[in-house]
Amino acid sequence: MTTHAPQAAQAVTLPSSLDEAVETLAGMPAAVPVAGGTDLMAAVNSGQLRPAALVGLGRISEIRGWQYQDGHALLGAGLTHARMGRPDFAALIPALAAAARAAGPPQIRNAGTLGGNIATASPTGDALPVLAALEATLIIAGPGGARREIPVSHLLAGVEMMRGGELIGFVRVPLLHAPQVFLKATGRTGPGRAIASVALVLDPARRGVRCAVGAIAPMPLRPLDAEQWVASLIDWDNNRAIVPEALNAFGEYVAAACIPDPAPAEDGSVPQLPPAVLHLRRTVAALARRALGRALT
């Protein structure tokens with residue numbers, strides 16, 4: 001997993017339960033938790049991180065599966081992208097399965113985990129816009145068996161932060177039993193980091209549309225006005241029909257909300273967006289349009 005030998009960690013601990021891992025971290029504040037290590041080893045190799053100690057999470061079986069709970073799926077933070085990409089999981093949460101399959105080459109999907117994707121909070125993390133669109137919540141494990149819940153969006157936006165000795169234990173995702181889509185553009189053929197991504201889910205019970213745009217900002221963006229506007233145009237009682245023109249308009253609405261025009265200059269003129277930014281806005285518009293079209297068909 002490395003291209004050269006990193007500085008050896010002073011200690012490696014392999015707890016067998018979530019609470020044991022939390023207590024270990026609480027007793028070693030300088031320790032770094034590691035699951036798949038796909039982001040950690042990249043930071044070590046680049047010299048950005050030299051952990052004094054590691055707490056390996058690979059032996060904690062309780063966070064490597066999922067279960068049903070009151071209309072939700074309770075996903076363990078140790079679920080790998082490869083596991084989430086399988087057909088049985090895709091039948092449960094299609095958009096998250098699609099994001100997992102797009103996460104990179106097989107060696108990354110086999111090692112990388114859902115919890116790691118969230119904790120690292122890379123803007124290009126494929127699972128993040130899906131979790132934002134699904135309005136998922138995190139179950140955080142703390143010392144002494146404590147548990148608390150926070151919305152994924154709050155952690156990504158810095159509204160609520162992880163505390164010392166805490167670990168992401170589970171992710172609670174509503175089961176909407178409705179179409180979900182995840183699309184991303186990479187700027188290259190085959191697996192790669194997203195330059196833009198869109199997750200879109202339908203919520204028929206609330207007659208709502210939820211959309212999140214990833215990779216273009218430090219955290220996923222929710223164009224709430226665009227969501228409400230397009231939801232009002234869908235004929236929810238007639239096979240979710242919508243006029244074709246609304247698809248294009250929705251794409252443009254989402255793109256303009258996430259990548260707005262520059263503020264007017266002092267003389268009243270409106271500066272033009274740079275060509276690269278205009279291209280990115282067109283990419284977001286195309287992804288949002290296609291995602292809604294696929295969800296409604």
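Heavy atoms only: backbone and side chains are in, while hydrogens, waters and symmetry mates are out.
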Rounded distance (nearest 0.5 Å) linking atom [atom1] of [X] with atom [atom2] of [Y]:
{"X": "Leu18", "Y": "Phe170", "atom1": "CG", "atom2": "CZ", "answer": "6.0 Å"}
{"X": "Ile139", "Y": "Gln69", "atom1": "CD1", "atom2": "CD", "answer": "6.5 Å"}
{"X": "Glu62", "Y": "Gln67", "atom1": "CD", "atom2": "CD", "answer": "10.5 Å"}
{"X": "His81", "Y": "Thr113", "atom1": "NE2", "atom2": "OG1", "answer": "6.5 Å"}
{"X": "Leu292", "Y": "Thr297", "atom1": "CG", "atom2": "OG1", "answer": "9.5 Å"}
{"X": "Leu114", "Y": "Leu128", "atom1": "CG", "atom2": "CG", "answer": "9.0 Å"}

Which is it for Leu167 and Leu57 under the side-chain contact (heavy atoms from CB on, under 4.5 Å) test, yes or no, and what are the steps along the way?
-> CA-CA 10 Å; Leu167 278 174; Leu57 309 179; 4.1 Å; yes

Kindly work out whether a path of hydrophobic side-chain contacts (I/L/V/M/F/W/Y, heavy atoms less than 4.5 Å apart) joins [X] to [Y].
{"X": "Leu134", "Y": "Val181", "answer": "no"}
{"X": "Val284", "Y": "Ile195", "answer": "no"}
{"X": "Ile63", "Y": "Ile150", "answer": "no"}
{"X": "Ile168", "Y": "Met84", "answer": "yes"}
{"X": "Leu280", "Y": "Leu278", "answer": "yes"}

Compare all side-chain heavy atoms of [X] with those of [Y] and state whether any distance is below 4.5 angstrom.
{"X": "Arg64", "Y": "Thr80", "answer": "yes"}
{"X": "Thr13", "Y": "Glu20", "answer": "no"}
{"X": "Val34", "Y": "Val32", "answer": "no"}
{"X": "Ile242", "Y": "Phe250", "answer": "no"}
{"X": "Ile140", "Y": "Glu160", "answer": "no"}
{"X": "Val173", "Y": "Trp66", "answer": "no"}
{"X": "Val213", "Y": "Ile259", "answer": "no"}
{"X": "His72", "Y": "Thr137", "answer": "no"}

Short question: side chain of [X], backbone of [Y] - any donor-acceptor pair under 3.5 Å?
{"X": "Arg240", "Y": "Leu296", "answer": "no"}
{"X": "Arg109", "Y": "Gly104", "answer": "yes"}
{"X": "Trp236", "Y": "Arg206", "answer": "no"}
{"X": "Arg222", "Y": "Cys211", "answer": "yes"}
{"X": "Ser269", "Y": "Ala265", "answer": "no"}
{"X": "Lys184", "Y": "Ala103", "answer": "no"}
{"X": "Glu23", "Y": "Pro143", "answer": "no"}
{"X": "Glu227", "Y": "Arg210", "answer": "no"}

[X] atom [atom1]: more than 12 heavy-atom contacts under 6.0 Å:
{"X": "Arg59", "atom1": "CZ", "answer": "no"}
{"X": "Glu149", "atom1": "CD", "answer": "yes"}
{"X": "Asn238", "atom1": "CG", "answer": "yes"}

For the residue pair [X] and [Y], what are the closest heavy atoms and their distance?
{"X": "Ala288", "Y": "Gly251", "value": "CB-CA, 4.0 Å"}
{"X": "Leu96", "Y": "Ala127", "value": "CD1-CB, 3.9 Å"}
{"X": "Glu252", "Y": "Ala285", "value": "OE2-CB, 4.0 Å"}
{"X": "Ala73", "Y": "Ile93", "value": "CB-CD1, 4.2 Å"}
{"X": "Ala263", "Y": "Pro271", "value": "O-CD, 3.4 Å"}
{"X": "Phe182", "Y": "Asp126", "value": "CE1-O, 3.6 Å"}

Let me see the working for Asp261 and Arg281 under side-chain contact (heavy atoms from CB on, under 4.5 Å), right down to the final yes or no.
-> CA-CA 10 Å; Asp261 290 325; Arg281 188 153 80 170; 2.9 Å; yes

For the residue pair Asp19 and Ser17, confirm or rule out a side-chain donor-acceptor distance under 3.5 Å.
->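 Result is no, nothing qualifies.
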
With distance as the sole criterion, is a donor-acceptor pair present between the side chains of Thr120 and Ser122 under 3.5 Å?
->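 The answer is no; no qualifying pair exists.
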
Side chain to side chain contact (heavy atoms under 4.5 Å, CB included), paired with Pro179, selected from Val201, Leu202, Leu200 |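 Option passing the side chain to side chain contact (heavy atoms under 4.5 Å, CB included) with Pro179: Leu202.
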
What do the steps show when you test Met162 against Leu155 for side-chain contact (heavy atoms from CB on, under 4.5 Å), and what is the final call?
-> CA-CA 8 Å; Met162 299 278 289; Leu155 179 67; 3.9 Å; yes

Passes side-chain contact (heavy atoms from CB on, under 4.5 Å), Asp88 versus Leu92? Steps please.
-> CA-CA 7 Å; Asp88 58 340; Leu92 187 72; over 6 Å; no

